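Notes follow once the structure below has been shown.
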Amino acid sequence: MKHITDSTVLNNGVHMPWFGLGTFKAEGAEVANAVTTALELGYRSIDTAAVYGNEEEVGQSIASSGVARDSLFVTTKVWNSDQGYDTTLKAFDTSCKKLGLDIIDLYLIHWPGKDKYKDTWRALERLYEEGRVRAIGVSNFQIHHLEELRKDSGIVPAVNQVELHPRFIQKELHDYCVQHQIQIEAWAPLMKGRLQDNELLQDIAGKHGKTVPQVILRWGLQNRIVIIPKSVTPSRIRENSEIFDFELSAEEVSSISALDAGERIGTDPDKLMF
Ligand SMILES: NC(=O)c1ccc[n+]([C@@H]2O[C@H](COP(=O)([O-])OP(=O)(O)OC[C@H]3O[C@@H](n4cnc5c(N)ncnc54)[C@H](OP(=O)(O)O)[C@@H]3O)[C@@H](O)[C@H]2O)c1
């Protein structure tokens with residue numbers, strides 16, 4: 001991984017950049033400016049979701065960027081209240097309209113919930129078969145959810161986007177995804193900024209002349225994890241992208257992984273029942 005546009009090849013052959021911009025909790029002009037800045041800096045992957053309420057702004061910034069559509073990778077997600085077969089198809093149309101796109105690169109089920117995700121997945125399969133999405137995947141799925149899908153679906157999710165950072169490396173889930181050719185993608189890859197004071201990370205950062213966020217993101221890349229750090233701050237959007245010109249040693253990667261404390265900062269998917 002030497003360049004910002006370097007990609008992983010998903011289980012259906014589609015290329016997805018290892019690196020992109022997250023947009024959670026960013027709205028209005030703030031998110032529009034962040035996407036514009038990111039695209040100017042060479043970011044080619046943007047992660048949004050219906051529930052973020054920013055698909056229109058994301059779409060407008062993409063349209064005015066002048067970046068060719070086929071070199072961009074846009075992810076959005078179906079929200080919990082839209083789960084179900086017909087409701088998902090409708091939600092997809094709404095997301096496309098807001099984004100101003102005919103085809104979405106990656107469409108994800110945002111959370112598994114309790115008992116609708118199989119119907120939702122059938123809707124995603126239909127969208128995929130109709131060519132309206134280039135890849136379909138899931139988010140916040142545990143191994144047992146993935147096993148359930150495997151029982152009656154012919155299409156293996158291309159991606160599982162989950163909370164993942166040095167304090168919560170999700171080894172078992174990550175290994176399962178590797179084994180089943182499901183690309184793991186980290187949300188909150190920076191643990192939302194909570195690792196800035198960590199001494200080990202500061203020490204490694206000092207040795208490489210890099211910052212703590214850059215070391216954390218590089219650790220993600222070297223573990224073959226897709227990362228989508230969010231920032232609306234232009235200097236940080238740049239900082240987060242400057243991670244393709246250095247390499248952590250195997251020992252450094254292992255020592256960062258050893259920070260794992262099973263520490264989730266977001267919701268436990270098994271507790272979010274709807
Ligand atoms: N699928 C899901 O359920 C789910 C859940 C959560 C998030 N996500 C996706 O994953 C993306 C990333 O996760 P996240 O936004 O929760 O967390 P994150 O990327 O780990 O952290 C974002 C926070 O860190 C700050 N930050 C960013 N770069 C920094 C830097 N270089 N130095 C210091 N602080 C920095 C940002 O501040 P500023 O913006 O103020 O600069 C923001 O407060 C989201 O934006 C969203 O697209 C998905």
Side-chain angles (χ1 to χ4, degrees), residues 16-35 37-38 41 43 45-55 57-58 73-80 83 95 99 105-113 117 137-142 145 157 159-170 173 183-198 201-202 205 210-221 225-243 263-272 274:
M16 173 181 194
W18 289 106
F19 178 78
L21 182 76
T23 65
F24 180 43
K25 294 225 163 131
E27 288 173 16
E30 198 172 53
V31 74
N33 292 336
V35 173
T37 302
L41 286 166
Y43 286 59
S45 173
I46 310 289
D47 181 84
T48 181
V51 75
Y52 301 169
N54 62 19
E55 288 171 312
E57 289 83 357
V58 168
F73 193 95
V74 180
T75 301
T76 192
K77 316 178 189 94
V78 55
W79 185 237
N80 307 345
Q83 278 217 29
S95 284
L99 282 161
D105 297 284
L106 178 64
Y107 198 45
L108 303 178
I109 303 180
H110 207 141
W111 289 90
Y117 65 87
V138 294
S139 177
N140 300 302
F141 272 45
Q142 311 269 52
H145 299 117
V159 170
N160 188 15
Q161 183 186 110
V162 297
E163 178 181 345
L164 199 159
H165 43 72
R167 289 280 188 219
F168 192 51
I169 69 172
Q170 301 241 46
L173 178 62
Q183 175 63 53
I184 200 100
E185 178 176 21
W187 64 254
L190 296 172
M191 205 184 177
K192 298 190 193 269
R194 294 183 205 186
L195 290 167
Q196 291 286 61
D197 297 332
N198 182 275
L201 295 170
Q202 285 180 343
K210 289 286 176 179
T211 65
V212 166
Q214 288 170 331
V215 166
I216 300 171
L217 295 173
R218 185 72 209 179
W219 167 85
L221 290 181
I225 296 163
V226 169
I227 45 170
I228 43 167
K230 172 262 176 184
S231 179
V232 293
T233 314
S235 60
R236 290 172 170 175
I237 297 173
R238 176 187 287 279
E239 175 186 343
N240 295 344
S241 72
E242 291 175 339
I243 55 172
E263 193 181 338
R264 214 185 256 289
I265 54 169
T267 307
D268 181 338
D270 286 327
K271 295 194 176 135
L272 185 67
F274 54 88

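Keep in mind the model is a prediction, meaning the values are calculated, not measured. All ligand and atom numbering here is 1-based and tracks the order in the structure. Side chains are part of it too, since the values below use all heavy atoms of this structure and drop only hydrogens, waters and symmetry mates.
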Could you list the atoms of ligand 1 found under 4.0 angstrom from a heavy atom of [X]?
X      : value
His110 : 1 (N), 2 (C), 3 (O)
Leu190 : 20 (O), 27 (C), 28 (N), 29 (C)
Thr233 : 38 (P), 40 (O), 41 (O)
Gln196 : 32 (N), 33 (C)
Asp47  : 9 (C), 46 (C), 47 (O)
Pro213 : 30 (C), 31 (N), 32 (N)
Val232 : 38 (P), 39 (O), 41 (O)
Glu239 : 31 (N)

Item to check | CH2 on Trp111 to CZ on Phe274, rounded to 0.5 Å | outcome: 9.0 Å
Checklist entry - Looking only at heavy atoms, which two atoms of Glu163 and Glu263 are closest? And how far apart? => result OE2-O, 3.8 Å
Next on the checklist: How close do Asn140 and His145 get, counting heavy atoms only, and between which atoms?
Outcome noted: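 Heavy atoms only, the tightest pair is O-ND1, 4.4 Å.
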Taking [atom] as the reference point, the nearest protein heavy atom with its distance:
atom                    : answer
atom 37 (O) of ligand 1 : Arg236 NH1, 3.1 Å
atom 5 (C) of ligand 1  : Trp187 CD2, 3.2 Å
atom 46 (C) of ligand 1 : Tyr52 OH, 3.3 Å
atom 3 (O) of ligand 1  : Asn140 ND2, 2.9 Å
atom 11 (C) of ligand 1 : Ile228 O, 3.3 Å
atom 45 (O) of ligand 1 : Phe24 N, 2.9 Å
atom 16 (O) of ligand 1 : Lys192 NZ, 2.6 Å
atom 27 (C) of ligand 1 : Lys230 O, 3.0 Å

For [Y], is there any backbone N or O sitting under 3.5 Å from a side-chain donor or acceptor partner on [X]?
X      : Y      : value
Thr48  : Thr76  : no
Asn160 : Gly137 : no
Gln202 : Gln196 : yes
Asn54  : Thr23  : yes
Gln83  : Tyr117 : yes

Item to check | Partners passing side chain to side chain contact (heavy atoms under 4.5 Å, CB included) against Val232 (at least two apart in sequence or in another chain) | outcome: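 Partners of Val232 by the side chain to side chain contact (heavy atoms under 4.5 Å, CB included) criterion, ordered by chain and then number, come out as Ala26, Glu30, Ala34, Lys230.
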Checklist entry - Quick one: salt bridge (charged side-chain N to carboxylate O under 4.0 Å, His left out) partners of Arg238, sequence neighbours excluded? => result Glu242
Checklist entry - Does Gly266 reach ligand 1, in the sense of a heavy atom lying below 4.0 Å from it? => result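 In this structure, Gly266 fails to qualify as a contact of ligand 1 - no heavy atom is under 4.0 Å.
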Counting only heavy atoms closer than 4.0 Å, does ligand 1 sit against the backbone of [X], its side chain, both, or neither?
X      : answer
Leu108 : neither
Pro189 : both
Thr23  : backbone

Next on the checklist: Is it true that, when you exclude Asp268 itself, more than 12 heavy atoms of the residues, nucleotides or ligands shown sit nearer than 6.0 Å to its CG?
Outcome noted: yes
Checklist entry - Taking both backbone and side-chain atoms of Ser139, is any N or O found less than 3.5 Å from an N or O belonging to ligand 1? => result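 Yes: some nitrogen or oxygen of Ser139 is under 3.5 Å from one in ligand 1.
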Checklist entry - Can you find an N or O of Ala188 that's nearer than 3.5 Å to an N or O of ligand 1? => result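 The answer is yes, given that Ala188 and ligand 1 share an N or O pair closer than 3.5 Å.
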